[in-house]
Amino acid sequence: MDNGLLVLGIETSCDETAVAIVGDRPQPLIRANLIRSQLAEHAPYGGVVPEIAARAHLDQIDDLIRRALAAAETRIEQLHAIAAAAGPGLIGGLIVGSMAAKGLAWAAAKPFIAVNHLEAHALAARLAPGVEFPYLLLLVSGGHTQLLACAGVGRHRQLGTSRDDAAGEAFDKSAKLLGLGFPGGPAIERAAENGNARRFALPRPLKGRPGCDFSFSGLKTAVRQIAADMDARAGPLGPQDVADLAASVELAICDTLVDRTAKSIAWFRRHYPAGTSLVAAGGVAANRRLRHRLAALADDCGLAFVAPPPDLCTDNGAMIAWAGLERLRLGLVDGLDAPVRPRWPLDGGATAP
Ligand code: KG4
Ligand code: ZN
């Protein structure tokens, strides 16, 4: 009987150590998906400290691999490949994950697969059955904001990208200004629940302009300005002020993302008439209001909207294992001399429209 493929994936590109085992028969199946967040280690510094991240990955990785194999009731010999995120990301962490994967691959005589972390986000939607290429992808994470036409594994065409901060960074920096802690996205989402999103008029940079690029740096400046003005007039922000500002930030970011995505749908339609889905991926795609807005947009345009469950939007091992499995199917394996790549653009080329 054909049991399909079974791949172990390792994610260590930022501040989560994650290991997963994913299979593909009869359909994509996550057999184990473990994650250890380093939030507590980085919290005192208000952001991710690369050296601390690398050491924490090193402390955790062996134990997580052992536990993932146990959770999946799998022996190393039963795996068909070992995959690791090889970039883009923080070099120390990438080396830890990549070396652990190469060591396993060498010891067990299995293929090693160097996965692009962005491609893993892009392919995570295909863990759900029925998401076929080509699709339009809004990839929104802490380091990247991109619109891409995904035509196949390794075949991604960039339609737009951020000219400055990523959407996740805009959430994180605004949250820091509001004293909401890190990571900022979930904190803003929570605070916004009791807020009036229309109280503050924040900028929507590039909204309505030609092309599909994004810009978010003006937003952070505006939030800082509003907070400083209020502080000067009436003293420190109260909880309702913080909630209203959080809601206004969330709305401004969603408006910008939706506007640019709508623009790219027209282009995608012309160039990929066979495409039927709008996919959202990356940590920011965990945001519920953004998901509702994108679902409504897709509906208006006659596209299906697909976003992985929130825990598969933020960094995780299953997306690395799955991207490895998709590459393995196509024979795209790597040598043990494959480098880690702190910068590794998905399409390497110029923006399309
Ligand atoms: O994909 P990811 O886990 O890591 C990177 O590859 O960057 O994305 C992390 C980013 C952070 O900026 C975080 O604040 C944001 O995703 N994020 C969210 C939410 N959950 C995570 N942003 C808005 N709403 C959320 N619920
Ligand atoms: Zn990510």
Side-chain angles (χ1 to χ4, degrees), residues 4-5 22 24-30 115-116 118-141 144-161 167 210-214 254-314 316 318-319 321-327 329-330 332 346-347 349 351-353:
L5 298 173
V22 167
D24 69 344
R25 286 288 188 284
Q27 58 193 25
L29 183 65
I30 299 175
V115 167
N116 179 312
L118 299 175
E119 175 162 64
H121 276 303
L123 299 178
R126 285 165 54 81
L127 274 163
V131 183
E132 306 295 340
F133 297 118
Y135 51 81
L136 177 64
L137 173 73
L138 173 66
L139 175 51
V140 269
S141 70
H144 298 269
T145 301
Q146 295 177 10
L147 280 158
L148 295 148
C150 297
V153 175
R155 294 172 54 213
H156 311 285
R157 187 161 176 199
Q158 183 175 292
L159 313 183
T161 186
C212 302
D213 278 353
F214 305 87
C254 287
D255 278 354
T256 306
L257 292 173
V258 168
D259 174 75
R260 311 280 72 200
T261 306
K263 205 80 196 298
S264 71
I265 288 177
W267 185 93
F268 180 71
R269 277 256 163 76
R270 277 198 307 282
H271 292 81
Y272 297 90
T276 56
S277 306
L278 168 65
V279 171
V284 178
N287 185 279
R288 271 171 298 149
R289 285 174 201 94
L290 178 61
R291 291 164 83 99
H292 284 141
R293 296 279 302 276
L294 291 171
L297 172 67
D299 200 40
D300 284 349
C301 299
L303 294 174
F305 176 66
V306 186
D311 60 337
L312 296 180
C313 284
T314 46
N316 64 88
M319 71 181 191
W322 177 251
L325 193 150
E326 292 236 42
R327 295 187 82 77
R329 277 177 181 164
L330 301 172
L332 301 172
L346 247 194
D347 80 340
T351 294

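All heavy atoms count here, side chains included; hydrogens, waters and symmetry mates do not.
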Inset, instruction - Flag the pair Leu346 / Glu119 as yes when at least one side-chain heavy-atom distance between them is below 4.5 Å, and no otherwise. - result: yes

Inset, instruction - State whether the number of non-hydrogen atoms from other residues, nucleotides or ligands found under 6.0 Å of Arg25 atom CZ is greater than 12. - result: yes

Inset, instruction - With side chain to side chain contact (heavy atoms under 4.5 Å, CB included) as the test, would you mind laying out the steps for Val153 and Phe133 before giving the verdict? - result: CA-CA 9 Å; Val153 175; Phe133 297 118; 4.2 Å; yes

Legend entry - Ile30 and Leu312, any side-chain heavy atoms less than 4.5 Å apart: yes

Inset, instruction - Applying side chain to side chain contact (heavy atoms under 4.5 Å, CB included), run through Phe214 and Leu257 and close with a yes or a no. - result: CA-CA 8 Å; Phe214 305 87; Leu257 292 173; 3.6 Å; yes

Legend entry - cation_pi(Arg126, Tyr135) dist<6.0 Å, angle<=45: no

Inset, instruction - Nearest 0.5 Å please: distance from the CG atom of Leu127 over to the CG atom of Asn316. - result: 8.0 Å

Legend entry - NE2/His292: more than 12 non-hydrogen atoms of other groups inside 6.0 Å: no

Legend entry - Point-to-point distance, once rounded to the nearest 0.5 Å, from CG of Leu5 to CG of Asp24: 4.5 Å

Inset, instruction - Please check if the side chain of Asp347 supplies one atom and the backbone of Gln158 the other of a donor-acceptor pair under 3.5 Å. - result: yes

Inset, instruction - Could you grab the distance from atom CG of Leu159 to atom CZ of Phe268, nearest 0.5 Å is fine? - result: 8.5 Å

Legend entry - Candidate pair Glu132 and Thr276, rule side chain to side chain contact (heavy atoms under 4.5 Å, CB included), full reasoning: CA-CA 8 Å; Glu132 306 295 340; Thr276 56; over 6 Å; no

Legend entry - Thr161 backbone acceptor or donor facing Arg260 side chain under 3.5 Å: no

Legend entry - Arg293 vs Asp255, side chain to side chain contact (heavy atoms under 4.5 Å, CB included): CA-CA, chis, key distance, verdict: CA-CA 9 Å; Arg293 296 279 302 276; Asp255 278 354; 2.9 Å; yes

Legend entry - Validation row: Cys150, Val279 side chains within 4.5 angstrom (heavy atoms): no

